[in-house]
Amino acid sequence: MTSAPSVAGLAAVIVALHVIGFGMLAAGAVGVGVGLTAYTLGLRHAFDADHIAAIDGTTRKLMAEGQRPLSVGFFFSLGHSTVVFALAILFAGGVKALAGPVGDDGSALHAVTGVIGPTVSGTFLLVIGLLNLGVLVGIARGLREGGDAPVAGGLLTRLYGRATGAVRRPWQMYPLGILFGLGFDTATEVALLFLAAGAASSGLSAVAILALPVLFAAGMSLLDTLDGSFMNFAYGWALAKPLRKRYYNLVVTALSAGVALLVGGVELAGLVWERAAGMDLNAIGFAVVALFVLTFAVAAAVWRFGRLEERWEAR
């Protein structure tokens, strides 16, 4: 059963964001170039590796619990966008003193948020990655013991459930998205905030300033929601049959664990290592998306042409 809100509800909100954002753009509230840049930054930011890892890992967890969490990416992106909205509202309200700290990489504001964001997201992803490794051991053991063996059990299952129990419904990704968004040190968010700061200092109207985060949120929510929906489809295929579930989960859990550990490790290392801090999470994110799509395509092909279920039953 599909979790609330419905697919129609998600689509309505995303379409509304696009209509409002591009309506402001068409009305001349903000320049076409600036507005399209904000929208493009939102699209691109959805491919940040921390977004992909958090959305896909949580989607897999909730589906394993019997849910159909289509809105995981949607709520995560809205929470993330809330941070940008809050700053834009401050700019629109005349708090132009923030323009300097936002645009200055060496300001105290950047120093604080540059620690909070990576610490929260990096720790969350490392915990997910380590626990997925434990679940991976359980899945592998189940395959060795036979098709009806438990996927994972005992202490690992209880530990995983407790550690990730804070997110039991898709909407709970909203506050997590806010926490991830507090570290607005990625290139895309900084670029958008530069645009907002420039709009405030140049005397543009409040509507013009608010058009930027609306367009940003429209682009990011579109792709983050599609990401969560794709993972629902992929895991739905895997859950259709018990053996297929174990076979596909073995591959995807290994991939999810590796991605979460890699991204979480990079983010935490970036707090103390300059080279790690300079790594492009967008590039990693694109690679992760490609890996998930390729993994699903290869898994489906091997399952179909390798006749794994027939060979398993014969054995």
Side-chain angles (χ1 to χ4, degrees), residues 1-21 42-82 121 124-125 128 132 135 160-161 164-181 214 216-241 244-245 248-249 251-253 255-256 259-260 285-286 288-297 299-300:
M1 184 174 68
T2 301
S3 59
S6 66
V7 174
L10 296 178
V13 174
I14 295 173
V15 169
L17 285 172
H18 280 76
V19 170
I20 294 171
L43 292 173
R44 185 170 180 266
H45 192 64
F47 282 98
D48 266 8
D50 55 349
H51 281 234
I52 303 298
I55 293 169
D56 294 349
T58 304
T59 296
R60 193 184 70 81
K61 169 190 179 293
L62 295 180
M63 289 199 71
E65 296 173 352
Q67 302 184 48
R68 287 294 181 268
L70 288 172
S71 55
V72 166
F74 173 79
F75 282 112
F76 182 84
S77 66
L78 288 188
H80 208 76
S81 298
T82 297
S121 57
F124 176 81
L125 293 176
I128 289 293
N132 273 338
V135 174
Y160 185 85
T164 58
V167 180
R168 298 177 180 177
R169 295 290 184 271
W171 68 265
Q172 292 171 335
M173 288 296 284
Y174 177 80
L176 186 64
I178 291 177
L179 292 175
F180 271 54
V214 170
F216 180 86
M220 187 167 61
S221 64
L222 173 64
L223 291 190
D224 274 346
T225 302
L226 288 177
D227 175 33
S229 298
F230 169 76
M231 295 312 297
N232 266 268
F233 171 76
Y235 289 129
W237 174 85
L239 294 173
K241 296 184 178 181
R244 186 189 295 178
K245 172 182 177 181
Y248 186 70
N249 271 352
V251 177
V252 175
T253 300
L255 180 58
S256 295
V259 168
F286 281 112
V288 170
V289 171
L291 276 174
F292 272 112
V293 174
L294 180 62
T295 298
F296 172 71

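Just the heavy atoms: all of them, side chains too, but no hydrogens, waters or symmetry mates, feed the values below.
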Which heavy atom of [X] sits nearest a heavy atom of [Y], and at what distance?
X      : Y      : answer
Ala218 : His18  : O-CE1, 3.2 Å
Arg169 : Leu62  : C-CD1, 4.3 Å
Met173 : Ala54  : CE-O, 4.0 Å
Leu17  : Val214 : O-CG1, 3.6 Å
Thr59  : Ile55  : OG1-O, 2.7 Å
Leu223 : Ala46  : CB-CB, 3.6 Å

Distance from [X] atom [atom1] to [Y] atom [atom2], nearest 0.5 Å?
X      : Y      : atom1 : atom2 : result
Tyr174 : Phe74  : OH    : CZ    : 10.5 Å
Asn232 : Arg68  : CG    : CZ    : 7.0 Å
Asp227 : Leu222 : CG    : CG    : 11.5 Å

Next item on the list: Look at the aromatic rings of His80 and Phe76 and report parallel, tilted or perpendicular, splitting at 30° and 60°.
Entry: parallel

Side-chain donor-acceptor pairs under 3.5 Å in residues 8-15, sequence neighbours left out?
none

Next item on the list: Using the test ring pair (Phe, Tyr, Trp, His ring centres under 6.0 Å), find all partners of Phe47 that sit at least two apart in sequence or belong to another chain.
Entry: Phe286

Check: Is there a side-chain contact between Thr225 and Ser71 (heavy atoms, below 4.5 Å)?
Finding: no

Check: Between the side chain of Gln67 and the main-chain N/O of Arg168, is any donor-acceptor distance below 3.5 Å?
Finding: yes

Notebook entry, point to check: Which residues pass the side chain to side chain donor-acceptor pair (under 3.5 Å) test with Ser229, sequence neighbours left out?
Noted result: none

